[in-house]
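First up is the structure itself, then whatever we jot down about it.
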There are 2 protein chains.
Amino acid sequence: MNVVTALDSRTARPPEGAGTQARHDRQVTAEEANRLAEMFRLLGDPTRAQLLYALLAAGELCVCDLTEAVQVTDTAVSHALRLLRTAGVVASRREGRTIYYRLSDAHVRMLLDLSREHLREAR
Amino acid sequence: MNVVTALDSRTARPPEGAGTQARHDRQVTAEEANRLAEMFRLLGDPTRAQLLYALLAAGELCVCDLTEAVQVTDTAVSHALRLLRTAGVVASRREGRTIYYRLSDAHVRMLLDLSREHLREAR
DNA sequence: TTGATCTCTGAATCCTGGTTCAGATGTTAG
DNA sequence: CTAACATCTGAACCAGGATTCAGAGATCAA
């Protein structure tokens, strides 16, 4: 209701229309925000984060290596990897009885890389 | 950007010895990964994500505006904002009886901006 | 074949944390 | 002062999801 002091002007509220298509605007629809939240949630678990950063550093690792890197059960690792796999974040490759995992999403890889970088600079 | 992190690396297994240096390297300690996970977790909730993206777009909004933007109770918004506030992600400013919130962490702002961008390009 | 290794799966448990509820705090108007 | 408004707080409730448990595929060696 109140007029807001926007940093960037153009805060005009479009009339909630359903016929809105993909905007290149700053505006983010609830749908988009939910998709983004879903992705962030995937990274927001200590086990999964450690797995992903281990893969980011090593490039490719088998489950046994990952189990050793992160201090949890191999079962927990397997469950975590399944989530990441079905989400398309990691990909797997079988070689004999061992299965190697790697990051498959360049987008996520950049997020991980960038976040690590900035965690170290700032604070 | 140079997001490429050599995928090949025939899994040259470093012998996992005692010498755990690698502080500025690609290596990420469990401690760092947990900190990063904690930050991602903060963004990994639909309500909080919508709040943050609303703030990213508008620059500054009061609780009543945020309550309207996100479709939840004002109480839920308040709880969500408290989490973000204590984490240093948002800052508040009082003007009369209304309180205005804004993003206070440049790091998070970039993450939000970048993620939105890439969600739209890719896929 | 048997046994050992590596990984995955579904069910059950358990716990974190998001929402709701009822009320408190602070602020402005009358 | 009281009343209305804007927001916050703590406790309780409850669901989603991470871990554990027990066992199943899959693959290789002997």
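Each chain gets a letter, A, B and so on, in the order the sequences are listed, and its residues count up from 1. Keep in mind that the numbers below use all heavy atoms, side chains included, and drop hydrogens, waters and symmetry copies. Since the structure is predicted, the reported quantities are computational estimates derived from the model, not experimental observations.
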- Task: Choose from C/dT7, D/dT7, C/dC6 the nucleotide whose nearest atom is closest to any side-chain atom of B/Ile99.
- Result: D/dT7

- Message: side chain to side chain contact (heavy atoms under 4.5 Å, CB included) for A/Thr29 and A/Arg35? Distances and angles first, verdict last.
- Response: CA-CA 10 Å; A/Thr29 69; A/Arg35 295 261 295 276; over 6 Å; no

- B/Arg93 CZ to D/dA6 P, straight-line distance once rounded to whole Å: 16 Å

- Item | A/Leu114 vs B/Met110, side chain to side chain contact (heavy atoms under 4.5 Å, CB included): CA-CA, chis, key distance, verdict | CA-CA 10 Å; A/Leu114 228 127; B/Met110 185 181 56; 3.1 Å; yes

- Side-chain atoms of B/Thr75 come closest, of D/dA6, D/dA22, C/dC21, to C/dC21

- Looking at the side chain of A/Leu83, which of D/dG10, D/dA18, D/dA22 is the nearest nucleotide? D/dA18

- Atom CZ of B/Arg82 and atom P of D/dA11: how far apart are they, to the nearest Å? 10 Å

- Query: Taking the side chain of A/Arg97 as heavy atoms from C-beta outward, which of C/dT9, D/dT27, C/dG26 is closest to it?
  - Reply: D/dT27

- Note on the structure: When A/Ala76 and A/Arg94 are each assigned the nearest nucleotide of DNA chain D, the 5'-most assignment goes to A/Ala76

- Message: A/Val77 and side-chain contact (heavy atoms from CB on, under 4.5 Å): which single residue from A/Thr75, A/Leu81, A/Thr73 fits?
- Response: A/Leu81

- Query: Which residues within residues 44-53 of chain A lie with some heavy atom under 4.0 Å of an atom in DNA chain C?
  - Reply: none

- Item | Rounded distance (Å) that lies between atom C1' of C/dT20 and atom CG of B/Asp74 | 11 Å

- Message: Quick one, A/Leu103 and A/Leu112 - any side-chain contact, counting heavy atoms below 4.5 Å?
- Response: yes

- Among D/dC8, C/dA4, D/dG10, the nucleotide that comes nearest once only the side chain of B/Tyr101 is considered: D/dC8

- Message: Please determine whether a side-chain nitrogen or oxygen atom of B/Arg41 lies at a distance below 4.0 Å from atom OP1 or OP2 of C/dG17.
- Response: yes

- Examine C/dT7: is either OP1 or OP2 under 4.0 Å from a nitrogen or oxygen in the side chain of A/Ser78? Give yes or no. no

- Message: What is the separation between atom CG on A/Leu84 and atom C1' on D/dG17, rounded to the nearest whole Å?
- Response: 14 Å

- Query: A/His79 NE2 to D/dC21 P: how many Å, rounded?
  - Reply: 12 Å

- Please round to the nearest 0.5 Å and tell me the distance separating atom CG of B/Leu43 and atom CG of A/Leu43. 9.5 Å

- Message: Nearest whole Å is fine: how far is C/dT20 P from B/Gln71 CD?
- Response: 12 Å

- Message: Could you tell me how far apart A/Leu43 (CG) and D/dG17 (C1') are, to the nearest whole angstrom?
- Response: 16 Å

- Message: What I'd like to find out is whether the side chain of B/Arg109 reaches to under 4.5 Å of the side chain of B/Arg102, using heavy atoms alone.
- Response: no

- Is the closest side-chain heavy-atom distance between A/Leu111 and B/Ser115 below 4.5 Å? yes

